[in-house]
Amino acid sequence: PPTCPICNKQIARLIHSSWGRMTRLYIKENEKVRIEELDFASNSVGIFKCPACKRVLFENEGEAEAFLKGEKIEVQV
């Protein structure tokens, strides 16, 4: 697996966070409430963080995928 350039831990996944608008439907069924997701509109690709040190490594999905595949990618630290 690739190594985080900040904490030097081997990582096989990245944490992805993005921001946007989510539309949900809350439905009462008997004594419970069921939540149904209708739509999610993202206004950005988001950020990709190391799961070990939680530092942002990428803001580009293509670079994040290439990094996980072991391709040589320059990380803006």
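Residue numbers count from 1 along this sequence. Given the structure is predicted, the values throughout are model-derived calculations rather than measurements.
Scanning both residues, Gly46 and His16, for their nearest heavy atoms gives CA-NE2, 4.2 Å. In plain terms, the two heavy atoms of Leu57 and Cys4 that are nearest each other are CD2-SG, 4.1 Å. Contact record, Cys50 with Ile11: SG-CG2, 3.9 Å, taken as the closest heavy-atom pair.
A distance of 9.5 Å separates SG of Cys7 from CZ of Arg55, quoted to the nearest 0.5 Å. We find the CZ-CE distance between Phe40 and Met22 to be 5.5 Å, quoted to the nearest 0.5 Å. The distance from atom CD1 of Ile27 to atom CD of Glu36, rounded to the nearest 0.5 Å, is 4.5 Å.
By the 4.0 Å N-to-carboxylate-O rule, Arg24 lies too far from Asp39 to be salt-bridged with it.
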**Candidate pair Ile47 and Phe58, rule side chain to side chain contact (heavy atoms under 4.5 Å, CB included), full reasoning** = CA-CA 6 Å; Ile47 57 174; Phe58 303 101; over 6 Å; no
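Leu38 and Ile35 are members of different hydrophobic clusters when ILVMFWY side chains are connected at heavy-atom separations under 4.5 Å. Two different hydrophobic clusters hold Ile15 and Ile6 under the rule that ILVMFWY side chains link at heavy-atom gaps under 4.5 Å.
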Please list every donor-acceptor pair under 3.5 Å in which a side-chain atom of residues 59-71 meets a protein atom from a residue at least two apart or in another chain.
{"residue": "Asn60", "atom": "OD1", "partner": "Gly62", "partner atom": "N", "Å": "2.8"}
{"residue": "Asn60", "atom": "OD1", "partner": "Glu63", "partner atom": "N", "Å": "2.8"}

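Under the side-chain hydrogen bond (donor to acceptor under 3.5 Å, both in side chains) criterion, Asn8 pairs with no residue at all, not counting sequence neighbours. Among residues two or more places apart in sequence or in another chain, the side-chain hydrogen bond (donor to acceptor under 3.5 Å, both in side chains) test is passed with Glu29 by Arg34.
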